[in-house]
Amino acid sequence: LDAARALASVDSSTLSEDGKPSGHDSKNTGFCTHLAWRNTRYSGTPVLLIAASFQNGLAVFHAGLPVLSDKKNGTRPLPEPTSSSTLKESPRISPIVAKRWQGKHERSASSWIDFGPHVNPCLSILLHSGDGQECRFVVGSISIPMYRRGPMAKEKLLPFRIFSSTMLARDHHHHSPVALLPSAIPGTAISFAEGRVFHMKPYIPQDSSGTSVLSLWHPISTQSTGLTSIGDPLNQDAKSDKDGILHIFSSIQCERNKADSDGTVYDWSRPTRRYWICRTVAGDNKTCAVEEAKEEKTTSQFGDGETVLGGTSSEIMCEIYDESLVGLTPVRIVRCPGADLCAVLMRPSLCSKHGAKEGASLDATTVVFVDMTDSGSVIQTRDARDVVFVPSAPGDHPRGLLLAKDGLSLTYFHWDANERKCEMHKSYRPILGVEDDKDYVECKRLYVSSGASMTSLLVAATRLRDFKTVVISGELVDLTSIAPQEWADLLPNIKEGRAAWLESYEDLLTLVGLEGDDSGYRNFAVITSDRVLILSSAMEIAAECKTRVSSCSLAPLGAFAVGFVSNRKVRYLCCLDGDLSHGTIATLTARRGVVDPFLLLAIRQDRIIGTDEHKCTRLVELRQRVDHIFLPTATTKPALLLEPLVANAVTIGGNGSQSTPVLRSVIEKFGRIVALAHGENEGVGNLGSGLTTRVFQILGTYGLKHAAS
């Protein structure tokens, strides 16, 4: 690993995130004082990255050996070294990152930090001064470019940009950290000093609540599928189960190419980043099963009707690629129900050229419309903060609303499939009743709730004087009355409408509608930076649970309950009283030393479907296809859903002692088998028993013990 030439060719760089000088140029990189391997646990063939920390510099290598061309086999490995081999004869690997720091330091150490599945590799660096009284803790990111339909030149160095820098002084109360240790905790470095081990998190001034950096860890998908109050599948984001759930998968890729110095040597290109839209289907019924199961003919033999349907399957739909997306990373994905169209919202990558100042914001800056009927090519990109699709009549063009990048205007659009672009129409202010004074609120997010041929628009906005977030619900509007020039009835009114205020600096991450009634009204489940909430249709908090989630996926469990993931557990929140308002559905298996975010894709009648694989690395050898990647399929975990569905059914009954048809139906479907010989509606058998202590506690508390007999 040879860094001398690369380090000598670069100018000294400041260690401050604001660009101010951090010392004089020592003109000397110094000795290498520490080496750190990047964790190779990611799916696919590993890209072996090693960070070499020098006294006054940093070099990052891709430790992949070159190969030689061979007329017979195409390529052959380098000859094995012998006892007579010299260093001059050994292949030299140059760094992909080379930095010289301003100032003079006694030693430095580094450790890799994982900020999320779609974030470029990040390093924490600890630099000690000569007097030992203070050290500097620095966190930066390697800016890996997007895949440009061809490998990057071998000689080109990748940028390394610092986004957090802190001086740590030693006194009699605090010990200066000695070195850094490998960390599996998201966004956190681990250091030790004089017998103590402690965590160190980067401080970013633009992200005072810490939510923006924390949200980078969350995987990205469309709305998860859930269950109705009587336990049937509920899919509000697609027309049927076969449409599945869309989610984002990313990969880091290197390719073999000829070295410029010698045409017989094939070396690795610089790493490039790729983003893919994937689809996962449940596979637990004939509608969405694999083809082999669909074609199987029924028989009159014993066991008929118990055919294995193939289980969960995942596939890549398309790549998100466009020249205008360089320096951007996905933050959300929105599906248009009933059409092969989706929108991917993107924001500047952490510490990219565009994100050096905006990288700590939760706001998207670009909307990418992707038509998946045409090999998934990106059709159109527009500068915008958010987008929602409004349901349209069968055969009509897909339509929706686009929020301007500054949040000041909301524009109606429809998607022209022939011209392959958005046709923009009339614009309005996104929120009515907002005055330009101290109570001014800025629109941040859009949500649409539809059902029973009605729809309503919900917006999330932030009051700038105290950074409080408010969720405002508009009135229900008949879908047939919405037209390109007549859609102002959708706009919510902050003074006259229904609104729910959150705490200061509490950021809203996601909002989904629960099962609605025949009139179109419904409750809503919300994830914020500090808790999970259920809001009533009147925008009042009906239930809450103080926790931080590992992903922003919410699966409805009827009209008054929702499933979510927190602390490696699939949990539920309902509208019962006290401690009965939340519980655990299943505990997820954690791999030793690995803390991956689990993306909850679906809660079905007897299983949970999700994935904790959201990225991979790949080395593309000669004559291998560059567009093939290793995509792990989603996993299926058995689950017993009686407890959350009973809690939801009791709430539907008004928390009273009278049994309801919904409660009886849930117990008949999901309750235990009471006799060996039973009819179709006596106990359920194939949906599991699910009888827990909490079920009896819920029924007993509300005077419904007879329902458990």
Side-chain angles (χ1 to χ4, degrees), residues 226-232 234 514-515 523 525-526 531-536 540-549 554-588 600 603-608 637-675 678 681-709:
L227 299 174
T228 65
S229 294
I230 60 174
D232 294 333
L234 175 65
L514 303 182
E515 183 186 16
N523 298 328
V526 175
R531 52 184 173 163
V532 179
L533 306 170
I534 293 180
L535 299 178
S536 68
E540 297 175 348
I541 297 178
E544 66 175 311
C545 176
K546 291 278 187 178
T547 185
R548 286 205 169 188
V549 299
L554 290 168
L557 296 172
F560 294 92
V562 67
F564 62 96
V565 180
S566 175
N567 299 323
R568 298 299 297 182
K569 293 182 179 180
V570 179
R571 305 173 63 187
Y572 71 89
L573 176 67
C574 65
C575 297
L576 296 181
D577 303 315
D579 292 339
L580 299 179
S581 63
H582 55 87
T584 300
I585 299 174
T587 300
L588 303 171
L600 180 63
I603 294 182
R604 310 293 283 189
Q605 295 170 318
D606 58 351
R607 68 194 71 187
I608 293 167
K637 181 179 179 63
L640 303 174
L641 277 302
L642 178 64
E643 182 181 316
L645 290 178
V646 164
N648 176 78
V650 172
T651 309
I652 291 177
N655 296 359
S657 58
Q658 287 295 109
S659 180
T660 63
V662 173
L663 179 60
R664 290 193 294 271
S665 178
V666 166
I667 292 178
E668 287 173 356
K669 281 186 176 183
F670 295 86
R672 63 189 178 94
I673 302 174
V674 296
H678 62 281
N681 295 323
E682 297 177 9
V684 113
N686 65 324
L687 294 183
S689 60
L691 277 177
T692 61
T693 304
R694 178 63 65 88
V695 172
F696 287 103
Q697 187 179 357
I698 292 172
L699 296 175
T701 300
Y702 295 97
L704 295 165
K705 287 186 177 181
H706 59 280
S709 63

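Small disclaimer: the values here were computed from a predicted structure and weren't measured.
For the side chain to side chain contact (heavy atoms under 4.5 Å, CB included) test, residues two or more places apart in sequence or in another chain that qualify with Ala555 are Ser224, Leu600, Ile603. With sequence neighbours left out, the side-chain hydrogen bond (donor to acceptor under 3.5 Å, both in side chains) criterion links Asn567 to no other residue.
Residues Val662 and Ala649 come closest through the heavy atom pair CG1-CB, 3.8 Å. Gly231 and Leu645 make their closest contact through CA-CD1, 4.1 Å (heavy atoms, listed as atom of the first residue, atom of the second, distance). Taking all atoms of both residues into account, the shortest heavy-atom contact from Ile608 to Ala586 is CD1-CB, 3.8 Å. Taking both residues in full, the closest heavy atoms of Cys574 and Ala647 are given as SG-CB, 3.7 Å, listed atom of the first, atom of the second, then distance. Taking each heavy atom of Ile585 and Ala639 in turn, the nearest pair found is CG2-CB, 4.2 Å. Contact record, Leu554 with Ala525: CD1-O, 3.7 Å, taken as the closest heavy-atom pair.
With Leu704 as the partner, the side-chain contact (heavy atoms from CB on, under 4.5 Å) test is satisfied by one option alone out of Val650, Ile698, Val646: Val650.
Inter-residue side-chain proximity for Tyr702 and Leu576 is flagged as met; some heavy-atom pair is nearer than 4.5 Å. Two residues are said to be in side-chain contact when any heavy atoms from C-beta on lie closer than 4.5 Å; Arg571 and Cys545 meet this criterion.
Annotation: Lys569, atom NZ; neighbour count of heavy atoms from other residues, nucleotides and ligands within 6.0 Å does not exceed 12.
Side-chain contact of Ser536 with Asn523: a donor-acceptor pair under 3.5 Å is absent, judged by distance alone.
The distance from the CG atom of Leu227 to the CD atom of Glu515 is 10.0 Å, given to the nearest 0.5 Å.
Between the side chain of Ser566 and the backbone N or O of Arg548, at least one donor-acceptor pair lies under 3.5 Å.
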